[in-house]
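The structure appears below as structure tokens.
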Amino acid sequence: MTSLSVEMLAADPVEPITSAGHAQLGIAVLAGIAVIVLLITKFKVHAFLALTIGSLALGAFAGAPLDKAISSFTAGLGSTVAGVGVLIALGAILGKLLADSGGADQIVDTILARAGGRAMPWAMVLIASVIGLPLFFEVGIVLLIPVVLMVAKRGNYSLMRIGIPALAGLSVMHGLIPPHPGPLVAIDAVKANLGVTLALGVLVAIPTVIIAGPLFSKVAARWVDVAPPEKMIPQRASEELEKRPGFGATVATVLLPVVLMLAKALVDIVVDDPDATVQRVFDVIGSPLIALLAAVLVGMFTLGRAAGFTKDRLSSTVEKSLAPIAGVLMIVGAGGGFKQTLIDVGVGQMILDFSEDWSIPALLLAWLIAVAIRLATGSATVATISAAGLVAPLAADMSTAHTALLVLAIGAGSLFFSHVNDAGFWLVKEYFGLDVGQTIKTWSVMESIISVVALGFVMLLSLVL
């Protein structure tokens with residue numbers, strides 16, 4: 001994606017520490033991450049504040065002057081928000097339109113009306129994957145949980161047999177497919193091509209979601225056999241609407257930004273002439289900003305107006321969609337600040353040196369770093385942002401395809417083993433009425449399967465591309 005270079009935005013970055021300081025630098029990184037984890041888990045400090053304090057602590061432990069550490073953090077925060085802030089906002093608006101207009105319910109009801117018996121888990125993973133494209137993970141869960149519980153109850157299915165495929169579809173989209181915040185920031189950090197990353201991400205996502213969703217759900221249903229909790233079935237958005245959008249128009253609106261971005265990638269490959277008119281046109285309409293903006297504008301008619309929304313109701317829907325993402329924006333921005341601090345104190349170069357000394361494949365190293373940060377912080381987005389900053393130097397000599405695979409390796413690592421320090425863990429536990437042990441045996445194991453399987457397909461693709 002086109003954005004301002006992080007390095008260009010960094011105001012007076014800290015002088016990188018030489019190889020002689022690797023030990024101190026390693027301790028500084030561990031200490032900085034420990035501060036963040038301790039603040040989030042022990043003292044329940046908001047992730048934005050924890051990342052800000054942790055970034056300054058990292059600079060201090062690394063021996064950097066405090067004013068330099070502050071400059072690095074603010075430059076990283078600014079460049080990250082500049083790169084993905086508008087995209088996150090547009091995605092939130094599209095998701096809110098989809099939910100409030102009843103478009104999401106229309107997709108769900110249409111697919112479920114044509115599925116039954118053994119096809120139901122496959123229908124659930126399809127629904128979750130389509131709906132999960134423009135939605136944040138937590139919003140997707142809130143939208144889909146009523147459907148999961150109703151289907152399980154009415155069809156007398158195991159809750160895990162229906163729930164795991166839905167969760168897998170949402171999680172894979174969240175970790176691997178732009179325009180979700182994590183993948184977008186990683187693409188920006190390593191200077192990957194968004195269209196190629198999107199295409200390869202879909203290629204990796206399909207087999208991954210099949211294995212972690214419908215196939216694993218058979219095992220999960222045997223491990224944990226629970227009934228849908230009655231108290232958790234809320235009212236669906238479309239129950240208060242007199243009409244709702246058509247199935248075809250809804251799906252077309254959701255897929256519009258994906259189609260535009262993929263079209264740009266295809267034209268880039270086929271035409272391969274930056275001065276050609278057709279390529280310049282697709283460079284504009286296939287950019288994430290224009291693609292998402294087009295989907296939002298189209299959605300106001302195909303979703304909002306089709307549901308009978310007045311101009312005031314449309315305006316209110318857009319306004320309500322932006323308030324909840326303020327926290328997400330600040331966390332993503334602070335994660336970018338932490339990432340830039342890591343780079344400026346020399347951690348990126350240290351990782352580069354270690355990768356050469358240990359002969360660890362760059363894709364595997366990126367995955368391992370993302371896994372470590374994910375386990376420590378509990379946040380897939382923070383893990384993606386931080387890991388992308390750390391391994392960005394590895395992408396310098398990579399081909400376009402391998403740079404895209406680096407983003408996917410990071411995304412895969414960011415999903416590994418969600419546990420008690422992850423908000424998603426508790427969301428799933430409460431909605432499904434599980435205890436901690438049952439949540440680990442189902443949700444946590446599913447997340448780990450997604451992470452490992454996705455890495456496997458990324459490594460396979462790296463051998464043939």
Side-chain angles (χ1 to χ4, degrees), residues 1-5 83-84 86-87 90-91 94 126 129-130 132-134 172-173 175-180 182-209 248-249 251-299 302 362-363 366 388 392 394-412 454 457-465:
M1 63 185 283
T2 303
S3 65
L4 291 172
S5 166
V84 302
V86 176
L87 306 183
L90 290 171
L94 182 58
L126 178 62
S129 298
V130 172
L133 274 172
V172 169
M173 294 296 113
L176 300 180
I177 309 295
H180 287 276
L184 278 177
V185 173
I187 288 167
D188 187 46
V190 305
K191 305 296 180 287
N193 180 289
L194 187 139
V196 173
T197 307
L198 179 58
L200 292 178
V202 171
L203 207 57
V204 170
I206 291 171
T208 300
V209 81
V251 171
T253 305
V254 170
L255 295 181
L256 178 60
V258 177
V259 170
L260 290 176
M261 287 187 280
L262 285 177
K264 175 192 178 299
L266 187 62
V267 170
D268 285 346
I269 294 169
V270 174
V271 179
D272 195 23
D273 179 8
D275 295 324
T277 302
V278 66
Q279 184 161 342
R280 292 173 67 181
V281 169
F282 275 90
D283 280 346
V284 173
I285 65 173
S287 67
L289 174 62
I290 299 300
L292 276 167
L293 180 60
V296 167
L297 295 176
V298 169
T302 59
L363 298 178
L394 300 178
D397 299 321
M398 286 185 173
S399 66
T400 302
H402 278 245
T403 307
L405 291 175
L406 185 68
V407 171
L408 298 178
I410 293 167
F457 283 110
V458 165
M459 299 300 284
L460 284 174
L461 284 173
S462 73
L463 298 176
V464 298
L465 293 177

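Positions are given from 1 along the sequence.
In terms of heavy atoms, V190 sits closest to A392 at CG1-CA, 4.1 Å. The minimum heavy-atom distance between L394 and A362, with the atom names listed, is CD1-CB, 4.0 Å. Heavy atoms only, all atoms of each residue included: M459 and L363 are closest at SD-CB, 3.7 Å. Nearest heavy-atom pair, A388 versus A189, reported as atom, atom and distance to 0.1 Å: CB-CB, 3.8 Å. Across all non-hydrogen atoms, the minimal contact from P183 to P178 is CB-N, 3.9 Å. Considering every non-hydrogen atom in both A454 and L176, the closest pair reads CB-CD1, 4.2 Å.
In this view, T400 and N193, V196 satisfy the side-chain contact (heavy atoms from CB on, under 4.5 Å) rule, not counting sequence neighbours. Remark: A294 engages L256, L260 in a side-chain contact (heavy atoms from CB on, under 4.5 Å) (not counting sequence neighbours). Here T253 pairs with L94, V298, T302, L303 under the side-chain contact (heavy atoms from CB on, under 4.5 Å) rule; sequence neighbours left out. Qualifying side-chain contact (heavy atoms from CB on, under 4.5 Å) partners for P257, counting only residues two or more places apart in sequence or in other chains: M261, A291, L292, A295.
Residues P288 and L194 meet the side-chain proximity criterion, which asks for heavy atoms closer than 4.5 Å. Taking the side chain as every heavy atom from C-beta outward, V278 and D273 never approach each other to under 4.5 Å. Side-chain contact between L408 and L405 is present, with heavy atoms from C-beta onward closer than 4.5 Å.
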When the side chains of residues 199-208 are checked against the rest of the protein, which donor-acceptor pairs come out under 3.5 Å, sequence neighbours left out?
unit_1: T208; atom_1: OG1; unit_2: V204; atom_2: O; d: 2.7

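With rounding to the nearest 0.5 angstrom, the CG atom of L293 is 13.0 Å from the CD1 atom of I285. The structure places CD1 of I187 at 10.5 Å from CD1 of I410, a figure rounded to the nearest 0.5 Å.
Under the 3.5 Å distance criterion, the side-chain polar atoms of H402 are matched with a main-chain donor or acceptor of L465.
Listed by first and then second residue, the side chain to side chain donor-acceptor pair (under 3.5 Å) pairs involving residues 255-264 are K264-D268 (not counting sequence neighbours).
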